[in-house]
A.B. asks: 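Okay, handing you the structure first.
A quick note: this is a predicted structure, and the numbers were derived from the prediction, not measured.
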Amino acid sequence: MRENERVTSATRQPETPAAGIPPRLIATDLDGTLLRDDKSVSPRTVAALAAAEKAGIEVFFVTGRPARWMDVVSDHVHGHGLAICGNGAAVVDLHGGPDAHRFVKVRELARDNALDAVRLLREAAPGTVYAVEQTYGFHQEPDYPKLHMEIPDNLAPAEELLAEDGPGAAEPVLKILAYHPSLDPDAFLTLSRLAIGERANVTRSSPSALLEISGPGVSKASTLALCCAERGISHEQVVAFGDMPNDVEMLTWAGQSYAMGNAHPDVIAAASGQTVANNDDGVAVVIERMLERL
């Protein structure tokens with residue numbers, strides 16, 4: 001998930017490292033990467049994705065978004081219809097549309113781990129407020145800001161929301177969201193990772209101090225690796241795109257990876273190449289050049 005703000009700007013043309021191994025899968029983030037800032041997919045990008053699929057290259061959308069927010073790309077999932085949502089917490093079949101999606105794989109955050117993370121972060125960063133993302137439900141604390149333009153299913157302290165007999169007890173927890181009203185986003189991320197340790201995976205995709213906390217070892221990269229292993233695809237055969245810290249592991253893992261022109265500095269450092277900004281169709285630019293070399 002990402003709000004519509006650019007983190008950095010760049011105007012240089014895409015860097016395209018030579019690839020000795022033909023690509024078999026494209027893994028792309030959505031907000032700030034594939035989507036323009038108005039949340040649209042440009043005609044040029046639609047054409048590039050279709051051309052990649054026609055050339056036999058699978059396209060996976062790999063996003064922090066929950067499954068119910070995937071309507072922006074539901075018309076572009078092509079044959080397999082799968083997307084990795086919630087920063088790797090779920091693999092979702094989008095063929096049925098936003099109200100009928102099917103969870104193919106769920107990598108949940110155990111409630112004990114989630115409660116530990118909440119407790120430790122309350123101690124380390126007083127003033128932090130929380131929301132809980134489940135497969136279908138969304139719950140939040142009363143003071144959690146209206147960041148997601150949706151009505152929560154329940155309002156209660158995080159400890160009650162995460163209790164074994166709490167709201168949505170029958171559904172797995174995919175991640176918890178932690179927001180701080182005044183801390184610097186990167187400082188908050190560093191502090192939280194130190195406080196929570198190995199109890200959970202902590203990342204961020206918003207320019208505000210909003211963290212996304214998943215199960216230990218759950219990330220875009222680890223779930224993408226599972227999906228690729230099922231298809232007999234090695235990491236060298238993957239081309240990945242991203243713009244925010246929640247993309248770093250995926251960009252490091254992929255054989256070829258591209259930071260967007262509007263990417264966070266950590267993403268630029270992690271990627272093997274760089275393209276132009278999301279509003280300039282940076283993903284399409286790389287795909288077009290890649291297909292020319294096949």
Side-chain angles (χ1 to χ4, degrees), residues 1-4 27-41 46 49 59-78 80-109 111 114 129-141 144-156 158 161-162 166-179 201 203-206 208 210-215 218-220 223-224 227 242-244 246-247 250:
M1 296 181 296
R2 186 178 188 278
E3 296 155 21
N4 280 337
T28 178
D29 173 50
L30 294 181
D31 297 280
T33 300
L34 188 81
L35 303 180
R36 292 187 168 186
D37 286 349
D38 64 2
K39 304 306 179 185
S40 68
V41 185
V46 170
L49 296 176
V59 176
F60 261 67
F61 301 126
V62 188
T63 178
R65 286 181 173 232
R68 64 183 179 278
W69 290 7
M70 294 299 289
D71 57 306
V72 291
V73 291
S74 58
D75 292 336
H76 312 299
V77 292
H78 302 286
H80 59 79
L82 299 179
I84 295 172
C85 299
N87 290 327
V91 180
V92 184
D93 185 340
L94 302 178
H95 277 133
D99 296 323
H101 49 255
R102 180 175 66 90
F103 285 87
V104 176
K105 186 188 301 291
V106 173
R107 305 181 69 195
E108 67 182 288
L109 170 61
R111 289 174 185 262
V129 289
Y130 299 91
V132 178
E133 186 76 65
Q134 296 184 272
T135 44
Y136 294 100
F138 177 77
H139 318 278
Q140 68 179 58
E141 293 190 319
Y144 186 86
K146 294 181 179 180
L147 298 174
H148 312 299
M149 295 183 292
E150 63 183 324
I151 299 173
D153 299 306
N154 291 280
L155 293 174
L161 297 173
L162 293 166
E171 285 185 47
V173 174
L174 297 185
K175 64 181 179 180
I176 54 176
L177 303 168
Y179 176 81
N201 187 57
T203 191
R204 76 178 186 91
S205 60
S206 168
S208 64
L210 176 65
L211 305 182
E212 300 163 61
I213 303 173
S214 305
V218 175
S219 68
K220 290 185 175 186
T223 301
L224 178 62
C227 292
D243 74 308
M244 287 296 280
N246 64 328
D247 297 313
M250 178 175 72

A.B. asks: As an exercise, state the distance from OG of Ser219 to CZ of Arg107, rounded to the nearest 0.5 Å.
C.D. replies: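 The OG atom of Ser219 sits 7.0 Å away from the CZ atom of Arg107.
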A.B. asks: Might you point out which heavy atoms bring Leu161 and Arg111 nearest each other, and give the distance in Å?
C.D. replies: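 That closest heavy-atom pairing would be O-NH1, 3.5 Å.
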A.B. asks: Should Leu155 and Glu141 count as side-chain neighbours, where that means a heavy-atom distance under 4.5 Å?
C.D. replies: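 Counting from C-beta outward, Leu155 and Glu141 never come under 4.5 Å.
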A.B. asks: What heavy-atom pair brings Gly242 and Asp247 nearest, and what distance separates the two atoms?
C.D. replies: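 Heavy atoms of Gly242 and Asp247 come nearest at CA-OD2, 3.4 Å.
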A.B. asks: Just verifying a value: how many Å separate Leu94 CG and Asp71 CG, rounded to the nearest 0.5 Å?
C.D. replies: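 Between Leu94 CG and Asp71 CG, I get 10.0 Å after rounding to 0.5 Å.
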A.B. asks: Compare every heavy atom of Met70 with every heavy atom of Cys85, then report the nearest pair and how far apart it is.
C.D. replies: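 That closest heavy-atom pairing would be SG-CG, 3.8 Å.
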A.B. asks: I would like to know whether Cys227 and Val91 meet side chain to side chain contact (heavy atoms under 4.5 Å, CB included); could you show each step before the answer?
C.D. replies: CA-CA 9 Å; Cys227 292; Val91 180; 3.8 Å; yes
A.B. asks: Rounded at 0.5 Å granularity, tell me how far NZ in Lys146 sits from CD1 in Ile151.
C.D. replies: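 Spacing of NZ (Lys146) from CD1 (Ile151) equals 8.5 Å.
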A.B. asks: Would you mind reporting whether Pro152 and His139 have side-chain heavy atoms less than 4.5 Å apart?
C.D. replies: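 In short, these two side chains do not touch, never coming nearer than 4.5 Å.
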A.B. asks: Which value, rounded to the nearest 0.5 Å, describes the distance between Phe138 atom CZ and Asp153 atom CG?
C.D. replies: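 Output value for this atom pair is 9.0 Å.
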A.B. asks: Of the non-hydrogen atoms in Ser214 and Gly86, which two are nearest, and what is the gap between them?
C.D. replies: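 So the two residues come closest at OG-O, 4.1 Å.
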A.B. asks: Check Lys175 with Glu133, please: is the shortest side-chain N to carboxylate O separation under 4.0 Å?
C.D. replies: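 Result for this pair is no, no salt bridge flagged.
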A.B. asks: Are the side chains of Asp29 and Asp243 in contact, using a 4.5 Å heavy-atom criterion?
C.D. replies: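 In contact.
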A.B. asks: For Val62 and Thr28: C-alpha separation, side-chain torsions, deciding distance, then whether side chain to side chain contact (heavy atoms under 4.5 Å, CB included) applies.
C.D. replies: CA-CA 6 Å; Val62 188; Thr28 178; over 6 Å; no
A.B. asks: How about Leu177 and Leu211: do any of their side-chain heavy atoms sit closer than 4.5 Å?
C.D. replies: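 The answer is no, as the side chains (C-beta and beyond) never meet within the 4.5 Å cut-off.
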A.B. asks: Given side chains that start at C-beta, do those of Leu109 and Val218 come closer than 4.5 Å, heavy atoms only?
C.D. replies: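 No; the side chains remain at least 4.5 Å from each other.
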A.B. asks: Side chains of Leu30 and Arg65, heavy atoms from C-beta outward: is any pair under 4.5 Å?
C.D. replies: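 The answer is yes; the side chains approach within 4.5 Å.
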A.B. asks: Between Ala90 and Leu174, what is the shortest heavy-atom contact and its length?
C.D. replies: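 The pair with the smallest heavy-atom distance is CB-CD1, 4.4 Å.
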A.B. asks: My understanding is that only residues two or more places apart in sequence, or in another chain, count here; which of them pass side-chain contact (heavy atoms from CB on, under 4.5 Å) with Glu108?
C.D. replies: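 Only Val106, Pro172 meet the side-chain contact (heavy atoms from CB on, under 4.5 Å) criterion with Glu108.
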A.B. asks: Let's go through Leu49 and Phe61 carefully: what are the C-alpha distance in whole Å and the side-chain angles of both, what is the deciding distance for side chain to side chain contact (heavy atoms under 4.5 Å, CB included) to 0.1 Å, and is it a yes or a no?
C.D. replies: CA-CA 11 Å; Leu49 296 176; Phe61 301 126; 4.1 Å; yes
A.B. asks: Between Glu212 and Thr203, is any side-chain donor less than 3.5 angstrom from a side-chain acceptor?
C.D. replies: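 No, because no side-chain N or O of Glu212 sits under 3.5 Å from a partner of the opposite role on Thr203.
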A.B. asks: Does the pair Met244 and Thr33 meet the rule for a side chain to side chain contact (heavy atoms under 4.5 Å, CB included), with working shown?
C.D. replies: CA-CA 9 Å; Met244 287 296 280; Thr33 300; over 6 Å; no
A.B. asks: Return the OG to CG distance between Ser206 and Asn246, rounded to the nearest 0.5 Å.
C.D. replies: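 Result: 10.0 Å between the selected atoms.
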A.B. asks: Taking the side chain as every heavy atom from C-beta outward, state whether Phe60 and Leu82 have any atom pair closer than 4.5 Å.
C.D. replies: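 Phe60 reaches Leu82 side chain to side chain.
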A.B. asks: Answer whether the closest heavy-atom distance between the side chains of Gln140 and Tyr130 falls below 4.5 Å.
C.D. replies: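 No, side chains not in contact.
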A.B. asks: How long is the span from the CH2 atom in Trp69 to the CG atom in Asp31, to the nearest 0.5 Å?
C.D. replies: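 Reported value, rounded in 0.5 Å steps: 8.5 Å.
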